[in-house]
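The chain is numbered in sequence order, starting from 1.
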Amino acid sequence: MKFLAYFLLITAVCLNTLSTFAYVEDKDVIRVGLSNSGFSTFEFDDTTIISTDTASILDMASGTQVKDVPKGTEIRILMRNNEFFAVVNGKELVKNAKGAIVIISNGKLGIKNHNRKGSPAYYKGMIELKAAYPLGKNKFNIVNVLDLQTYLKGVVPNEMPVSFGLSALKAQAVAARNYANRPQNIYKNYDICDSTACQVYYGANSESPLSDKAVDETQGIFALYNKEPILALYSSTGGGITENYEAVYGAGNGFYNSKPYLKSIKDNNNIEKPKTEEELKEFYSNSVPSFDVKSPKYRWKVDFDRFELEETLTKTLREQSLKSLVYPGFGANDEVWGLDDIKVTKRGESGKALEVEIRSMAGNWRVKRELGIRRTFKKGKSLLWSGNFIVEKTMPPVLSEVEKPEKEPVEIKSSKNDENAKNSDGDGGLENKNAEKKEPDVIFAFLKPEKKDSISAVIENFKPGEPKKVYKNGMGLPLPQSFSFIGAGFGHGVGMSQYGAGYLSAQGVGYDEILKHYYSGITLGTMPKKVSYNNYNQNYVQNFYINISDKGTAGALPGNIESNPLKEEIITLYNASKAANKYILNIDNEKKPSEIEFYVNKTRFTPSTKGLYGKIITMDITKYLENGKNTITFVPLKEADKDKTVYFWVEIEK
C-alpha cells in the first residue's frame, strides 16, 4: 500500500505539471528539500535514515524493494561514483543503484544527527534521495514527499508563535499555503526548501494542536487576486505602515511582475504617512498606535561607535558590492575611514530606506535595495531590523580650548654640538650626519598637553592591515563620534505583519479580514481545478473547509474597546469578519463540452452548457454547504469531449 501511495503521489505531481497554464492549480502533494542541521547545505553524499516503525527501501530505477526493515534500524544511504548504496547492519541491501532511492515508513522518518529546535527532527510522508543537479557531482538531495496539509502543520507553528491565537494562525496557514503553491524554477528536485530562504518547515515533531486546527479549518482556502493565488509575503512587524512590493523587490522579478495586492497600507486611519525626515523622526521615535505595537521590534534604536561602524562597513560593503548593490564598486583593497555622514537618498511609501549614501574621507558609496541596506549596517551578526529608519550622528563635545596650547611656545636653540650629542646617545638623528650645519636654528614648538584630546589627533594609526583612525575631516573639522539608527519594524515589511495579525486575532477579528487588511483587493476561495476526460473514470475532487457558524452573528467586542485608540479600525474589521458569506461556484466553460456533471457534497447538478461558449457559469451554492469540510466533485468529461477542458473554483463573497 505504501508503494502504491508513493506512486499515486508522484503521479499527482506529474499531472499538475502537465496542466495548461490557463490557471495555476493547487498542489495535493509537495516536495520539500531538507537541509542539514545548520541550514548550510541541501547536498549530501552520505546520510542515515531511522524509522519509528517498519520501513521499506525502494530503488525507483530498477524497481528493487527491500521490505520490513525493523523500526529503529539505521538505514545508511551513500553515493559513490554517482550511484546509490543502501547499507543496513553492515550489509549492502541496495548497491550500484541509479536511484532515486525512496524510504517508506509505517510511522515517521528521522535523519541521524538532524536537529530542529534542539531536538531530533522526524518527518511524515516519504523520504526520497535523488541525485543533485547538475548531475554527475556525486551529491544527492534529501526530499520529504508528503501531502500539502501535513506539510503546513510543520510550517505554521514555526513561522508564527502559537500564542498569537487561532485567527492569526489561520491567516498564517492561508499565507503559507499560498506561498507553497507559488510557481518557481529555482529548484530541480523539490518544490520548496525547509529554511528561511523559503518558509521554515521543521517536520512532525514541531506540530501543535492549535496550529493543526488552523491548518485543518482553512483546508483548500487561498488568497486570490484575479483567480490566481497571490504571493502572500509576510514579515514579523510592519511598524504601523507596510511597504509596496515594487519598492522592496522591484518590478519584473520572476513569475510575478505586478503586485497590486501588495500595497503600502497603514493601520491607523488618523495618521498621515510621514514624508519628510522630520516627520519620519517623529513617527519612528514614538509608539504611534497600530496593530503591531506589541512587537518588541515595533520601535528600536541601534547605536554604533564610529570606528566600529567603519570596520563593519569595510566588510559589508565588499560583500554587497559582489551582489552589485554598491556603487561605485567597493574593491578588495578599499576601506572605510573618516566616516562623516550617512544619508537616506531614496525612500518608499512607508518611509523605508531604498538607497543610502555613505560619505567618508576614504570615498563615497551608495547602497541600494532594502535587504542590501540592512545587510550593510549589521550589528554583530544581526542585520539591521528593518529598512524603516532615520540616522542621527553624535558629534564630539565642543571644547573651546582644544585648539590652544596649554603653555606658551618655547624657544629651542639647536647647534652642531647639540646634534652630535643627540646622535651619540641614540635618540634619533639627522638623515645626513655629514651635512654642513648652518648657524643655530630657532624652532618654535608647542609642548603637548598632558592629556591628549581625541580631536587634536588627526591620524592615530595608518599601519597596513589595521583600521585608520581619523578624528578630523579634510577641513579640520571634527568627525562624528557615533551613529544611531532609530527605526520601526522587523523584516521586509511587505504584506502581512505577523504581530499585527496576532493583535487583531486577540480583538476577535476573523482570519479573512486580517488577510484582506494586509493584502489589498483580494478574495478568498479555492484554486481553479481542471476537469477533462480520462480513461480511468476518475472524478475531480476539491475539498475545502468553511466555518458558517461564526458568520452573521455580531458577538461581543473586546471589553476594553472604548479606550482603544484604534477603536474604529477594529470595529470595522470585526464587523466585516462576522458578516454572512456567500459561496459562489464558478465554472469556466470556454471550451464548451457537451455535458457537465458535478456534485456539491451529495447534491447532483447537470447544468446545460448550450449557448454559454466563452462564458463562466456562476452558482450560489451556500445552501448546499455544511459547517466544516465540504467537497465538490466533477465527473470526467465524456469521450466525445476529449479535446476539451473545464475549470471550477469557489469564491467567498460578502
By ring-ring contact (aromatic ring centres under 6.0 Å, His included), F648 pairs with (sequence neighbours left out) F634
| N106 and T54: side chain donor to acceptor below 3.5 Å | yes
Check: Does K170 come within less than 4.0 Å of E217, counting only side-chain N to carboxylate O?
Finding: yes
Checking side-chain polar atoms at under 3.5 Å, does Y545 have a donor or acceptor matched by the opposite partner on N543?
no
Query raised in the report: Salt-bridged, E207 to K124, with N to O below 4.0 Å?
Result: yes
Please report whether the ring centroid of W365 lies less than 6.0 Å from that of Y327. no
Return yes if a side-chain donor-acceptor contact under 3.5 Å exists between N601 and T631, otherwise no.
no
Should the pair K71-D53 be classified as a salt bridge under the 4.0 Å nitrogen-to-oxygen rule?
no
Sequence neighbours excluded, the answer for ring-ring contact (aromatic ring centres under 6.0 Å, His included) partners of F490 is W385
d(I127 CD1, I57 CD1) to nearest 0.5 Å is 13.0 Å
With a 4.0 Å cut-off, would you call K227 and E651 a salt bridge?
no
Heavy-atom closest pair (G495 atom, T242 atom, distance to 0.1 Å) is O-CG2, 3.5 Å
Side chain to side chain donor-acceptor pair (under 3.5 Å) evaluation trace for N141 with N189 = CA-CA 7 Å; N141 299 131; N189 285 338; 2.8 Å; yes
Applying side-chain contact (heavy atoms from CB on, under 4.5 Å) to P70 and not counting sequence neighbours gives T73
Check E83 with K95, please: is the shortest side-chain N to carboxylate O separation under 4.0 Å? no
Next on the checklist: I'd like to know if K153 and D216 make a salt bridge, using a cut-off of under 4.0 Å between side-chain N and carboxylate O.
Outcome noted: yes
In terms of side-chain geometry, is the basic nitrogen of D334 or R318 positioned less than 4.0 Å from the acidic oxygen of its partner?
no
### Query
Less than 4.0 Å between a side-chain N and a carboxylate O, is that true for E370 and R374?
yes
- Message: Distance alone, cut at 3.5 Å: any donor-acceptor contact between the side chains of R369 and Q320?
- Response: no
Exercise. Flag the pair R116 and D194 as a salt bridge only when some basic side-chain nitrogen lies within less than 4.0 angstrom of an acidic carboxylate oxygen.
Key: yes
